[in-house]
Structures are given as C-alpha cells and as structure tokens.
**Q** 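This is the structure I have questions about; it appears just below.
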Amino acid sequence: MAVLRTMQGVLVFSMSLGLSACFLQPATKTDETPPATKPTTQAVSTSKVRRPARSQDPRPLSVAVLDPQNLVEARSRHRQSLVTADNDALVGGDVGYYMDIQEARLLQLLANGGITIKREGNNITLSVPGGSMFGSNSFFLRSNMKQLLAPIADVLVEYEKTQVAIYGHTDDVGEENYNQQLSEKRAMSVARFLVDAGVTQRRIAVVGYGELQPIATNTTLEGRKTNRRVELQLVPVTQ
C-alpha cells in the first residue's frame with residue numbers, strides 16, 4: 001500500500017509539471033493565430049479600391065460637332081474627310097440607286113413608327129417625333145424611342161456610304177444659350193445610341209439648333225413637345 005501511494009504521488013506530481021509547462025511556454029504563431037498589432041496613425045491606401053462609375057455622366061464620343069452658323073461648309077468638310085478615310089465613295093449613277101434602296105428599306109421598317117421620311121434629291125431626312133423622344137429639360141432618350149431608332153441603326157450599319165447628320169432642337173422655354181447646349185446634348189444622345197448599335201463614329205456629325213427652328217407654336221404644351229425633336233439627314237459620300 002505504501003508503495004502504491006508513493007507511485008500515485010509521483011504520477012500526480014509529474015502531471016502537474018506537464019500542465020504547468022503548457023501554460024508557461026510562449027505561444028507559437030500559426031495561420032489561424034493573427035499577430036498582435038499596435039495602433040498606428042498611418043493612413044490606409046485606397047488606390048486599389050474601385051470607385052463606382054457615375055452613370056449620370058455619359059461617356060464622350062468621337063463625333064464631329066458642327067457649327068450651325070456655318071453648317072454648309074462644315075458639313076462639306078466632314079463629308080470630304082469620309083472620302084479620304086474610306087477611299088470608296090459613290091460615283092455617277094451609283095449614288096441615286098444607293099439612296100433609292102436605302103430609302104425603300106427605311107420606308108419598309110418605319111411604316112408605322114410615326115417617323116417622317118423626306119427625300120430631297122439624294123438626301124434623306126428622318127424627323128423623329130419630339131414629344132415621345134425627350135422629356136422637358138431632358139436629353140435622355142425614353143425607352144420606347146430606343147425601339148423606334150433600332151431599325152434606323154440597322155439600315156445605317158448596312159448602308160455605310162452615307163454621312164449621318166443629327167440635328168437637335170428644343171422649345172423656347174428657358175435661356176437661349178441653355179437651349180442651344182441642350183439641343184446639342186439631345187443630338188449626342190441619338191449619336192450615342194447609333195454608335196452602340198454599330199454605326200461608325202466618324203460618319204456622324206451633330207448639330208445643335210436650340211430654339212431657332214421651331215416647327216410648331218411654343219405657346220401650347222403640344223407645340224412645345226413637337227419642337228423637342230431630333231432630325232437625321234443621310235447624305236451620300238461622293239467623290
């Protein structure tokens with residue numbers, strides 16, 4: 001019995017030493033044990049943090065912006081630059097035929113869309129209803145207009161030997177200078193839609209007319225809606 005008690009005492013003493021050693025030895029760092037840190041006043045770098053894009057800022061386009069006061073000459077220079085770039089302009093009888101089939105295609109696709117198609121010589125002008133296109137004091141295309149413009153974009157992609165001049169207009173509410181800028185932004189909104197649909201940017205020229213060319217009275221709500229419009233003129237690129 002005395003020997004048994006002695007052995008038990010030794011065993012208990014050994015276990016006590018082992019437990020003490022576990023508590024007294026320094027801790028070992030592992031992947032699961034984060035290192036101790038000290039407070040620091042150093043600024044944290046945010047250079048790699050992606051900032052959200054501002055959806056209200058439309059991206060810029062590389063399209064020609066023409067002066068309405070000198071439009072004939074400016075449009076001619078732009079069209080001539082397309083001849084130089086493409087080196088594949090229309091000549092002779094090809095011009096009229098090319099615009100004939102393009103007009104027929106537009107008439108087929110836009111028969112019930114409310115867009116007016118007018119042919120003058122070899123130039124085709126498309127007048128898009130203003131009231132359904134933009135809200136008052138806005139240059140953002142309404143969703144229904146995107147569906148209406150889609151067939152036009154398809155034709156422009158197919159018949160690429162044309163200059164696409166886009167004219168923006170406003171009503172006369174507000175300052176004249178502000179309306180001038182607004183009309184240019186409206187034309188640019190249409191240009192952006194066409195480019196997204198595949199039309200080459202360098203074919204496009206935009207012109208802002210502001211309130212200078214009304215086609216209806218500005219004294220009524222309906223008349224002002226009519227004046228908030230965009231026109232597209234397709235002009236053949238010739239040598």
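When reading the values below, keep in mind they use all heavy atoms of this one structure, side chains included, and skip hydrogens, waters and symmetry mates.
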**Q** Hey, is the main chain of Leu126 close enough, under 3.5 Å, to the side chain of Gln233 for a donor-acceptor pair?
**A** no
**Q** Do you know the tightest heavy-atom contact between Tyr98 and Lys161?
**A** OH-N, 3.0 Å
**Q** Share the residues that join Val207 in a hydrophobic cluster, the rule being Ile, Leu, Val, Met, Phe, Trp or Tyr side chains under 4.5 Å apart at the heavy-atom level.
**A** Leu66, Leu71, Tyr167, Tyr209
**Q** For Asn218, which of Asp171, Asn227, Thr226 qualifies under side-chain hydrogen bond (donor to acceptor under 3.5 Å, both in side chains)?
**A** Asn227
**Q** Please determine whether salt bridge (Lys or Arg N to Asp or Glu O under 4.0 Å) holds for the pair Arg75 and Glu73, giving the CA-CA distance in whole Å, both sets of side-chain angles, and the decisive distance to 0.1 Å.
**A** CA-CA 5 Å; Arg75 197 171 63 177; Glu73 183 179 350; over 6 Å; no
**Q** Is it true that Ile204 and Val65 fall in one hydrophobic cluster, defined by side-chain heavy atoms closer than 4.5 Å?
**A** yes
**Q** Taking C-beta and beyond as the side chain, do Asn123 and Leu234 meet within less than 4.5 Å on heavy atoms?
**A** no
**Q** Measuring from Leu149:CG to Leu141:CG, what's the distance to the nearest 0.5 Å?
**A** 6.0 Å
**Q** Side chains of Val63 and Met188: does their closest heavy-atom pair fall under 4.5 Å?
**A** yes
**Q** Linking I/L/V/M/F/W/Y whenever any side-chain heavy atoms sit under 4.5 Å apart, do Ile215 and Leu232 land together?
**A** no
**Q** May I ask you to check whether over 12 heavy atoms, not counting those of Glu158, lie within 6.0 Å of atom CD?
**A** yes
**Q** Does Glu222 pair with Arg224 as a salt bridge, N-O distance under 4.0 Å?
**A** no
**Q** Evaluate the side-chain proximity of Met99 to Thr162: yes if any heavy-atom separation is below 4.5 Å, no if none is.
**A** yes
**Q** Would you name the heavy atoms of His78 and Arg202 that are closest together and state the gap between them?
**A** NE2-O, 2.9 Å
**Q** Could you tell me whether the side chain of Arg77 and the main chain of Arg79 form a donor-acceptor pair under 3.5 Å?
**A** no
**Q** For the residue pair Asn122 / Tyr97, report whether a side-chain donor-acceptor contact shorter than 3.5 Å exists.
**A** no
**Q** Check Gly210 against Ser183 and note the closest heavy-atom contact, atom names and distance.
**A** N-OG, 2.8 Å
**Q** Is any side-chain heavy atom of Val128 closer than 4.5 Å to a side-chain heavy atom of Met145?
**A** yes
**Q** For the side chain of Ser189 and the backbone of Lys185, is there at least one donor-acceptor N/O pair under 3.5 Å apart?
**A** yes
**Q** Going by heavy atoms in the side chains, are Thr170 and Tyr178 under 4.5 Å from each other?
**A** no
**Q** Assess the side chains of Arg105 and Gln108: does a donor N or O sit below 3.5 Å from an acceptor N or O?
**A** yes
**Q** Please examine the side chains of Gln213 and Arg229, heavy atoms only from C-beta on, and report whether any two atoms are closer than 4.5 Å.
**A** yes
**Q** Would Val235 end up clustered with Val206 when hydrophobic side chains under 4.5 Å apart are linked, directly or stepwise?
**A** no
**Q** Supply the atom-to-atom distance Gln163 CD to Thr238 OG1, rounded to the nearest 0.5 angstrom.
**A** 10.0 Å
**Q** If I compare all heavy atoms of Ala187 with all of Gly168, which pair ends up nearest, and what's the gap?
**A** CB-N, 3.8 Å
**Q** Rounded to the nearest 0.5 Å, what separates atom CD in Gln80 from atom CD in Gln239?
**A** 9.0 Å
**Q** About how many Å separate CD of Glu211 and CZ of Arg228, when rounded to the nearest 0.5 Å?
**A** 13.5 Å
**Q** What distance separates Leu61 CG from Arg192 CZ, expressed to the nearest 0.5 Å?
**A** 4.5 Å
**Q** So Leu110 and Ile117, do their side chains get closer than 4.5 Å, heavy atoms only?
**A** yes
**Q** Is it true that atom CG of Asn70 has more than 12 heavy atoms of other residues, nucleotides or ligands lying nearer than 6.0 Å?
**A** yes
**Q** According to a 4.5 Å side-chain heavy-atom criterion applied to Ile, Leu, Val, Met, Phe, Trp and Tyr, with indirect links allowed, do Leu107 and Ile124 form part of one hydrophobic cluster?
**A** yes
**Q** Under a 4.0 Å threshold between the charged nitrogen and the carboxylate oxygen, would Glu184 count as salt-bridged to Arg186?
**A** no
**Q** Kindly determine whether Gln102 and Val155 satisfy side chain to side chain contact (heavy atoms under 4.5 Å, CB included), including the steps that lead there.
**A** CA-CA 7 Å; Gln102 191 171 180; Val155 173; 3.8 Å; yes
**Q** On a heavy-atom basis, which atom in Arg203 and which in Leu156 lie closest, and how many Å separate them?
**A** NH1-O, 2.7 Å
**Q** Might you point out which heavy atoms bring Gly96 and Arg119 nearest each other, and give the distance in Å?
**A** O-NH2, 3.8 Å
**Q** Are Val157 and Leu148 connected in the hydrophobic side-chain network, where two residues link if heavy atoms are under 4.5 Å apart?
**A** yes
**Q** Go through the side-chain N and O atoms of Asp172 and Asn179 and say whether any donor and acceptor fall under 3.5 Å apart.
**A** no
**Q** State the CG-OH distance between Leu106 and Tyr159, to the nearest 0.5 angstrom.
**A** 9.0 Å
